[in-house]
Amino acid sequence: MGREEPAAEQRPSAGEEGGDEDRLAQFGYKQELQRDWGLAHNFGVSFSIISVITGITTLFSYGLNTGGPAVMSVGWIIVSFFTLLVAIAMAEIVSAIPTSGGPYFWAAMLAPPRWSPFAAWLTGWFNLLGQVAVTTGISFGLANLIPTAITVKNPSFTPTPRVTIGIYAAILVSHGIVNTFGVRLLRLLNNVSIILHSAGITALCIAVLAKAPTHQPASFVFGNLHDGTGVVVEDSEGGTGTETGTGTGTVVGWGIRASPVYVAVCGALLSQYTLTGFDASAHLSEETKKASWSAPIGVVSSVGFSAVFGFFVLMAFLFSIQDFDRVLNSAYGQPVLQILVDVAGEDGALALFSLIMVCVWHCGLFSMTSNSRMMFAFARDGGIHPFFHKVDARFRSPTRAVWLAATLSFALALPSLGSSVAFAAATSIATIGLYVSYGLPILIGLICHRSFTAMKGPFNLHALSRPTAAAACLWIGFITIIFCLPTANPVTSQTFNYTAVAVGIVTVFAVGSWVVWARRWFTGPSGEVAEAMRLGVDIIEPGALEEREKEGKEGEGGGP
C-alpha cells in the first residue's frame, strides 16, 4: 500500500508547505521527510531530550559527591543562564538555516568558501560524537535504573554486567523499532512525553514535598558543599590509603588537594549534561512547518522551560532528603530512589520511580530520533557513507540512519559496564561533543558577521547578536576544559577521566582524515548554495546568483 495521506485537519496549508519547501530548495535539497510537525511538536522533541528528570536522576550521585547540594542548586542557576545564551545564539542561526544537518550545515554556510568543507567536516564529526554519546548516556542510564528498581523488593538480586547490557540492548531495539515506523507514531508519543515530563513530573515533585516527614533548611540546600571526590585505593602492603601518604584509610578529595572551587566547577557537569540536546529542534526542522520561526523558538523555549522546571525538580529532591549520609551511601546505589523510599515507602517509591523511568525511555527515544536525522543529513552531504541517506518510502523515516545510531550507541556503552567513572566520562563526552559542535558555527558567525547578517531569518538579535555569540563561545570553551579534568583523587587507571582521550581521538580522526583523504572529495553542502546565502540571493531564482556576482565584480572594478 502507498503512504496514507494525512487527515485534512493535520495537512499543512499550501502556502506553509510551499514556503518551507522553497526555503529547503534554496539550500539545494528536495523535501524528502514528511513535514507535518508544528511548533509544539518541535519544542516537545527538544524538551523531551533535555528531560531534566533524566539528567538529574542519572547524575544525582555524581552531583552529591562532586560539590553536593550547594553546587547542584547554585550551579544549576549559573549553568542555565549561560546555556540559554548558547541556545539564543543557536536560534538565530537555525532561523537563517533551518535544515536537518544542524550545526555542521551552519558551519559550512557561515565559513568563508575556502574553509567551508573543513568547517562542515569538523563540526559534523563532533556533533555525531555528541549525538551518539547522549543517546548512550540516556539509554544506558535507564538500563542501570531498571535493575536498581528491582532490588527494592528483591534485595538479593544482583545485576550483572551481562544483565545490564541485555536490558540496554532491548531498550535500544525498542527505540529503533518506534523510530522505524515513522513520524506518525513519534508525533503521538511526543505529545505523551510532553505531558509526562511536565504534568507528570510536577505531580511527582509535589507528592515528594508533601509526603516528606521533614524538610532540609535552605542553608543545607544552598550552602552544603560536600567533597566526595576522594577514593580509597589499595596500597602496596594490601591496606588502603592514598598517594598523598596521609595514612591508611584516609581519603583526600580534590577540595583539599586542589581547591573547593575545583570541585564546584567539576560538579557543574550534572547541570550542563542535563541541559543538552536542544539542537534536536534544528535536526527536526525539515519536518516542521514554518521552520524558520518554529525551530528557533523550539530551541530557546525548550532550554528556558527546562531551566525553570529542572530547578523545581532539584529543589524538591534536595529539600526532601531525610538523612544525607544514607542518601549518599544508599543501599540501592541510587540516591533519588533512596529519597523516594524514605519519603513514600517502598511501594510508593516504586510507583514514582517507574514514572521517572518511563520519562527516561521517552528521552532516549527522541534522542535517537535527533541522532538519526543528523546522520541522514550528514550522509546526504557525503560526511558518512551515502548508504545511510535513505528514507523509507512507506514510513517516511531514515531507517538506515536509525539503526546506525542504535549500533553506535550500543558500542559506546561497552566500556561503561561496571564502571561509574566510564559512565561519567560518557556524559562528559556527550556534553563536550555537542557543545563544541554548537560553538563552532556560533564562532564562525561571530567572525564572519557580515556574511551571516545577509542570511538572517525572522529570529534576529540585531545589536545583541555579537555580544551573545561571544559570551556563548567563552562559556563553551570553559566547559570544554573543565569537563576533561579528573574528578576522583588519586588519579589512577580506574579513576582517570577518559573524556580528553575520547575527544582527542575524534579531533585527531577528524583533522587527520581531512588532511589525508577527505579534503580530496568532501565538499560539504553545495558551494554554490553557500555563496548564494553569503550574497543574500535566492538560489532557485534563475540568474540571481550570476547577476549578484556580476554586480560585485563591477563594483570592485569601478572603485578608485
Side-chain angles (χ1 to χ4, degrees), residues 1-12 17 20 31-51 53-54 100 131 134-135 138-139 142 167-200 277 279-289 291 294-295 298 302 354-355 357-377 388-407 409-410:
M1 293 178 63
R3 180 174 57 87
E4 186 177 331
E5 289 297 321
E9 63 272 16
Q10 296 176 332
R11 186 181 295 119
E17 189 173 31
D20 286 319
Q31 185 73 45
E32 295 180 89
L33 299 169
Q34 185 168 327
R35 193 183 289 270
D36 57 358
W37 294 66
L39 171 58
H41 300 111
N42 188 281
F43 157 81
V45 171
S46 284
F47 184 67
S48 296
I49 293 177
I50 293 175
S51 182
I53 193 64
T54 296
S100 293
Q131 291 272 350
V134 162
T135 303
I138 296 165
S139 298
L142 178 58
I167 295 173
Y168 179 56
I171 292 169
L172 289 177
V173 169
S174 69
H175 291 160
I177 290 174
V178 174
N179 273 284
T180 295
F181 289 115
V183 294
R184 286 183 175 277
L185 184 56
L186 285 173
R187 190 169 62 245
L188 173 63
L189 290 174
N190 184 29
N191 295 334
V192 173
S193 180
I194 293 174
I195 295 171
L196 288 173
H197 277 91
S198 52
D279 57 322
S281 289
H283 295 306
L284 271 294
S285 59
E286 290 185 28
E287 296 162 74
T288 303
K289 296 174 286 187
S294 297
S302 63
S354 295
L355 173 61
M357 289 189 291
V358 172
C359 288
V360 178
W361 184 87
H362 280 83
C363 177
L365 171 70
F366 289 108
S367 178
M368 187 177 290
T369 304
S370 175
N371 197 340
S372 63
R373 269 50 175 186
M374 183 272 162
M375 292 178 176
F376 160 80
F388 299 104
H389 172 222
K390 172 69 175 178
V391 176
D392 184 271
R394 180 179 180 185
F395 298 112
R396 302 298 293 274
S397 173
T399 53
R400 294 176 182 177
V402 166
W403 292 103
L404 174 63
T407 302
S409 297
F410 181 81

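- The structure places OG of S48 at 10.0 Å from CG of L189, a figure rounded to the nearest 0.5 Å.
- Side-chain contact between D279 and Q131 is present, with at least one heavy-atom pair separated by less than 4.5 Å.
- Residues P398 and R373 have side chains in contact (heavy-atom distance under 4.5 Å, counting atoms from C-beta outward).
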Next on the checklist: Go through it in stages, so that I can follow the logic: the residues are W361 and L196, the test is side-chain contact (heavy atoms from CB on, under 4.5 Å), and I'd like the CA-CA distance, side-chain angles, deciding distance and then a yes or no.
Outcome noted: CA-CA 11 Å; W361 184 87; L196 288 173; over 6 Å; no
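- Nearest heavy atom pair, residue C363 against residue I138, reads SG-CD1, 3.3 Å.
- In this structure, the side chains of S193 and F47 stay at 4.5 Å or more apart for every pair of heavy atoms.
- Closest of all the heavy-atom pairs between I53 and C359 is CG2-CB, 3.8 Å.
- Annotation: the span from I49 atom CD1 to L365 atom CG amounts to 9.0 Å, rounded to 0.5 Å.
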Next on the checklist: With side-chain contact (heavy atoms from CB on, under 4.5 Å) as the criterion, how do S51 and H197 come out once you've worked through the C-alpha distance, each side chain's angles and the decisive distance to 0.1 Å?
Outcome noted: CA-CA 7 Å; S51 182; H197 277 91; 2.8 Å; yes
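- Between atom CG of residue N371 and atom NE2 of residue H175 there is a gap of 12.5 Å, rounded to the nearest 0.5 Å.
- Contact check for L186 versus F366: side-chain heavy atoms found under the 4.5 Å cut-off.
- In the model, T288 has no side-chain atom that pairs as donor or acceptor with a side-chain atom of H41 under 3.5 Å.
- To the nearest 0.5 Å, atoms CD1 (I177) and CH2 (W403) are separated by 5.0 Å.
- Scanning all heavy atoms of the two residues, the minimum distance from S302 to I50 falls at O-CD1, 3.7 Å.
- Just one residue in the list N179, N190, V178, T180 forms a side-chain contact (heavy atoms from CB on, under 4.5 Å) with L185, and that residue is V178.
- Among all heavy-atom pairs drawn from S46 and G298, the shortest one is CB-O, 4.4 Å.
- Between the S372 side chain and the A401 main chain, no donor and acceptor come within less than 3.5 Å of each other.
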Checklist entry - What's the verdict on side-chain contact (heavy atoms from CB on, under 4.5 Å) for F181 and S397, showing C-alpha distance, side-chain angles and the deciding distance? => result CA-CA 7 Å; F181 289 115; S397 173; over 6 Å; no
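- Residues G44 and I194 approach most closely at CA-CD1, 3.6 Å, considering heavy atoms.
- Residues T135 and S367 bring a donor and an acceptor atom of their side chains to less than 3.5 Å of each other.
- Going from atom OG of S409 over to atom CD1 of I171 covers 12.0 Å, rounded to the nearest 0.5 Å.
- S281 and N42 share a donor-acceptor pair across their side chains, judged by distance under 3.5 Å alone.
- Summarising the geometry of M368 relative to A405, their closest heavy-atom pair is CG-CB, 4.2 Å, with the distance given to 0.1 Å.
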